[in-house]
Protein chains: 2
Amino acid sequence: MNTAELLKSCYLCKELNVQELNSLADIVLIRTVDKGEILFLQGDRANGFYTLLSGLIRIYKASPEGKEYTLHIIRPGQMFAEAAIFSGEVYPANSLALEESVVVFFAKDRFVNLLANSPQISLKMISALSGFVRDFNQQIENLSLKEVSARLALFLLSQAEASGQNKIVLDTSKSELANSIGTISETLSRNFRKMKELGIIEIDGKSITILNFDKLKAISEGEKV
Amino acid sequence: MNTAELLKSCYLCKELNVQELNSLADIVLIRTVDKGEILFLQGDRANGFYTLLSGLIRIYKASPEGKEYTLHIIRPGQMFAEAAIFSGEVYPANSLALEESVVVFFAKDRFVNLLANSPQISLKMISALSGFVRDFNQQIENLSLKEVSARLALFLLSQAEASGQNKIVLDTSKSELANSIGTISETLSRNFRKMKELGIIEIDGKSITILNFDKLKAISEGEKV
DNA sequence: TAAATTACTTGACTTATATCAAGGTCATTT
DNA sequence: AAATGACCTTGATATAAGTCAAGTAATTTA
């Protein structure tokens, strides 16, 4: 895969078109970091920020007494060390690869230059990130719905709404779905069965048909199943 | 409060300094929307995007058959209708104030102009939003820790780490804390008591002192209490 | 200061859901 | 066609946490 294609997987670049991705690709540096390797240390001169393409990075500080504490665990797609580039000239924390990782380095000078010349790119980045902020906010709201049935109902409704159809075809395994709505496959399975028995949905493998939208909506709003 | 101060509460503007906020303030329009009022309709010409300062906005579409469905519920701090400004020239959905709301309108032309002249502002906006994306991601991770004790331990540790002290003073009510870690006050109360009995923490009203960091860490990682 | 309101704690009870264990279904390989 | 393995379903059980109800402590109002 070329650099532009790789970049696309970052939250930051989600809205960019091929041309824009290419102009970004020209100014970044892609680097592989081995498991256990240090990417930068607290106090190192900070000339830019990073995004993570794959792997896992730990950002941590060491207190004067020598105790370490974790500030962030960085997951693929995320940007990190961006605070450094204007709050000061050095990284305020250490970073360590918890797994073999691929990172993208954005040199501050070149990045600012690019933004100055293409405000359209700024706009798209801001927009993309705002969208994620909104979605994650929503997801946090949803996860605090206590019942699995409510979260499942919400998932089904949002899928149906997004496609404009009453038939949903899962694009993941049911275990993954379970995980994404904050439960386990057994519980998901039981919830599906219950809804099926009540005539709310019909299931055939990965395809689910909604038969009773109103009931599903009521469940998503907390009604007992 | 003046416009610049109001703007500061948006995710977008979190990193901006007074001067930058002022230059933004010069190009935006603040508007109050009554409960039940429509801000824009699907198909309306889109010259810019919004952020919400207070209130609650529903973004929804109407299907050809006349059925409505909600795309997003916008909460204070969030940006909305930003997709419109480059994907097309019209808003792709309707927006309705569910409560009396205060919104900020950013005209696209003026905003792009500002970004082009001050790439520093772009950089800070991108950085601020990236930070929120990371934090929310983290919060989603944390909420899916099944045990309340683990979530509470995580909260205590992160507070202590942030302040560098082993004494935490809550800046909210305990009910609010309960809600923010995804439980209710009774359960929180019982968890506090348990930790107190085990000598892990000491509580006096709103101030909590951590006596055993290691144990707390173990609990945050799933150890039974 | 007393009364009243609000916030927190505690106990008894119920329930949703995770866990453990077993069996079934489906697709792919041999 | 039999065998393998991944995924899903189902049942039995245990338990964390929510609900309901009552009491205590803290704060505000009069």
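Every chain is numbered from 1, with letters handed out A, B, ... down the list of sequences.
In this structure, Lys174(B) places its NZ atom 11 Å from C1' of dA26(D), rounding to the nearest Å. Here dG11(C) presents its C1' atom at 15 Å from NZ of Lys194(B), a figure rounded to the nearest Å. For the pair Arg193(B) CZ and dG23(D) C1', the computed distance is 14 Å after rounding to whole Å. Rounded to whole Å, atom P of dT25(C) lies 16 Å from atom CD1 of Ile203(A). Atom P of nucleotide dC7(D) and atom CZ of Phe192(A) are separated by 16 Å, given to the nearest angstrom. Here dA16(C) presents its C1' atom at 17 Å from CD of Glu223(A), a figure rounded to the nearest Å. For the pair Asn179(A) CG and dA18(C) C1', the interatomic distance rounds to 14 Å; values are reported in whole Å. Between the C1' atom of dA16(C) and the CG atom of Leu145(A) lies a distance of 15 Å, rounded to the nearest Å.
With Asn191(A) contributing its side chain and Thr187(A) its backbone, the two residues share a donor-acceptor pair below 3.5 Å. Checked by atom type and distance alone, the side chain of Asp204(B) never pairs as donor or acceptor with a backbone atom of Ser207(B) at under 3.5 Å. A donor-acceptor contact shorter than 3.5 Å is absent between the side chain of Thr183(A) and the backbone of Ala178(A).
The side chain of Lys206(B) contributes no N or O atom lying less than 4.0 Å from OP1 or OP2 of dA26(D). Residue Ser175(B) places at least one side-chain N or O closer than 4.0 Å to OP1 or OP2 of dC8(C).
Ion pair Lys124(B)/Glu82(A) not flagged as a salt bridge, since none of the NZ, NE, NH1 or NH2 atoms sits closer than 4.0 Å to an Asp/Glu carboxylate oxygen. Ion pair Lys215(B)/Glu223(B) flagged as a salt bridge, since at least one NZ, NE, NH1 or NH2 atom sits closer than 4.0 Å to an Asp/Glu carboxylate oxygen.
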Problem set entry | Base versus backbone protein contacts along nucleotides 14-20 of chain D [heavy-atom cut-off under 4.0 Å; B, S, -] | --SSBBB

Exercise. Going through the distances and angles, do Asn2(A) and Glu5(A) end up as a side-chain hydrogen bond (donor to acceptor under 3.5 Å, both in side chains)?
Worked result: CA-CA 5 Å; Asn2(A) 65 34; Glu5(A) 285 169 57; 3.2 Å; yes

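In this structure, His72(A) and Phe80(A) have side chains that are not in contact, with every pair of non-hydrogen atoms separated by 4.5 Å or more. By the 4.5 Å heavy-atom criterion applied to side chains, Val33(B) and Glu100(B) are not counted as neighbours.
In the helix from dT1(C)-dA30(D) to dT30(C)-dA1(D), the terminal helix axes, each the rotation mapping four pairs' C1' atoms onto the next four within five end pairs, subtend 40°, rounded to 10°.
Using cut-offs of 30° and 60° on the angle between ring planes, the pair Tyr11(A) and Phe136(A) is perpendicular.
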